[in-house]
2 protein chains.
Amino acid sequence: METKGRALRADAERTVRAILEAAERVLSSDPTATMEQIAAAAGVARTTVHRRFVTREALVDALAAWATQRFHEAVEAARPRTSPPLVALHQVTVNVLQVKIGWGFAMSRTAPTDPEVARAHADVLDQCDHLFRRAREEGLLPPDVDLEWARRVYYALIHEAAEEGRGAEEGAVDALAARVVDTLLHGVGTSK
Amino acid sequence: METKGRALRADAERTVRAILEAAERVLSSDPTATMEQIAAAAGVARTTVHRRFVTREALVDALAAWATQRFHEAVEAARPRTSPPLVALHQVTVNVLQVKIGWGFAMSRTAPTDPEVARAHADVLDQCDHLFRRAREEGLLPPDVDLEWARRVYYALIHEAAEEGRGAEEGAVDALAARVVDTLLHGVGTSK
DNA sequence: AATACCTGCAACATCGATGTTGCAAGTATC
DNA sequence: GATACTTGCAACATCGATGTTGCAGGTATT
């Protein structure tokens, strides 16, 4: 999965990581932040950022690619195609929340330029769709459910939960995920 | 409610409207669009935009203020403090959706600078909270409902519905609102 | 220890977006 | 129809962000 021409030296690798993490932090609070600010947050000189990422766009793309990688792994790790729908739903939610809380900005990018990133997103979409279909077969979702709408609601709930989980403790993710799944299936109203 | 020093001439008034509408259109598809692009979309010269709005920030603020005005009116018009909770919920949703479909960008601005705008948002928040409390009293929401979470979910659902309603016909708003309310209360799962 | 790589710093070049001004021609208002 | 407002156009000024280069000092790797 090496996209660069040659392996980086250990310290350079760390620098790249530091820049990506700083970019996430800074850009999530201000999407129009300058390279200068990102460099400062990463604890490196601005020129060093340009050395690693030719343009601003390249940096943002790399950021998106990195986060998408994590995102994809998070979904895969939940084995959404094989484990029981309800279990898979919960596990996927937990895993994705964990990634999204830390890489919210990078994952909010729409219309990725990198085809690799686009493929990953499409694959995740596919797995989500597949999972929902299985949930429908099991009676978890009604036969006439609008799968498109269900997916949108699911994504939106995860987004909100991630937002809320931003300043929360580490262990709260499970509770957040439980609430997301519960709300997705039954809403916030009184159960009949 | 006049914030300007003097009334504008009729044609100038129209120009301002055209600029605001163009800004909404252009900025919603690309938040970093230039004044040039906005001017072009409005069918005026760039200098004219600067004549009406001193800086870019002033334009965006004015846009937010305009949309917030509409938003506030939309909520008020539904009489959420007096009509029955379920009715109010539906009516508020319809009204807000109508505004949000047309002024999505302007309403997505966070942390408004104008105190007037901040007050309007706070007031809407208050009305939403009040409505949810009444809904709880009526048994529509469970006694132990997390009102904060419920509100977040409600906002998110409206956001999604507005997104979907962007390219839809005029009359579909009622159906969208019905789905939002239903999803908010019962989720997308099979009702027990 | 020799080598190749990495970084900070300073200086420079470029570029696009923003904002201003003056004026001539057009248009609303009375 | 006189007046005051509005607009487009062209020209100019400014500014911050981006991207580049050279070099000297430091660090990983062998």
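The chains referred to below are lettered A, B, ... by the order of the sequence lines, with proteins before strands, and numbering in each begins at 1. The structure presented is a predicted model; accordingly, all values stated were derived computationally and were not measured.
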Residues two or more places apart in sequence or in another chain: which of them pass ring pair (Phe, Tyr, Trp, His ring centres under 6.0 Å) with His121(A)? Phe71(A)
Could you check how far CD of Glu13(A) sits from P of dC5(C), rounded to whole Å? 15 Å
The ring pair (Phe, Tyr, Trp, His ring centres under 6.0 Å) partners of Phe105(A) (sequence neighbours excluded) come to none
Does any N or O in the side chain of Ser29(A) come within less than 3.5 Å of the main-chain N or O of Val26(A), such that one atom is a donor and the other an acceptor? yes
For His72(A), the ring pair (Phe, Tyr, Trp, His ring centres under 6.0 Å) test, sequence neighbours excluded, returns none
Value in whole Å for how far the C1' atom of dG8(D) lies from CD1 of Ile19(B): 13 Å
Using the test side chain to side chain contact (heavy atoms under 4.5 Å, CB included), find all partners of Ala67(A) that sit at least two apart in sequence or belong to another chain. Trp103(A), Ala106(A), Met107(A)
Any protein N or O atoms within reach of nucleotides 23-30 of chain D? Criterion: under 3.5 Å, listing atom names and distances.
unit_1, atom_1, unit_2, atom_2, d
dT27(D), O2, Arg9(A), NH1, 3.2
dT27(D), O2, Arg9(A), NH2, 3.0

Could you list all the side chain to side chain donor-acceptor pair (under 3.5 Å) pairs where at least one residue sits in residues 54-64 of chain B, not counting sequence neighbours? Asp61(B)-Thr113(B)
Holding to salt bridge (charged side-chain N to carboxylate O under 4.0 Å, His left out), I want the full list of residues that pass it with Asp126(A), two or more places apart in sequence or in another chain. Arg81(A)
Those residues that, when tested against Arg46(A), pass salt bridge (charged side-chain N to carboxylate O under 4.0 Å, His left out) (two or more places apart): Glu36(A)
Enumerate all atom pairs, one protein N or O and one N or O from nucleotides 18-20 of chain D, separated by less than 3.5 Å.
unit_1, atom_1, unit_2, atom_2, d
dT18(D), OP1, Arg56(A), NE, 2.8
dT18(D), OP2, Met35(A), N, 3.0
dG19(D), OP2, His50(A), NE2, 3.4
dG19(D), OP2, Arg56(A), N, 3.0
dG19(D), N7, Arg46(A), NH1, 3.0
dG19(D), O6, Arg46(A), NH2, 3.0

Nucleotide of dT7(C), dG8(D), dT6(D) approaching Leu8(B) most closely (side-chain heavy atoms): dT6(D)
Return all side-chain donor-acceptor pairs below 3.5 angstrom for residues 164-172 of chain B, not counting sequence neighbours, or 'none' if the list is empty.
unit_1, atom_1, unit_2, atom_2, d
Glu164(B), OE1, Arg179(B), NH2, 2.2
Arg166(B), NH1, Ile101(B), O, 2.6

Holding to salt bridge (charged side-chain N to carboxylate O under 4.0 Å, His left out), I want the full list of residues that pass it with Arg133(A), two or more places apart in sequence or in another chain. Asp129(A)
side-chain N/O Thr48(B) vs dG8(D) OP1/OP2, d < 4.0 Å: yes
Over its full length, what angle do the end axes of the helix from dA1(C)-dT30(D) to dC30(C)-dG1(D) make, each axis taken from five pairs and the result rounded to 10 degrees? 50°
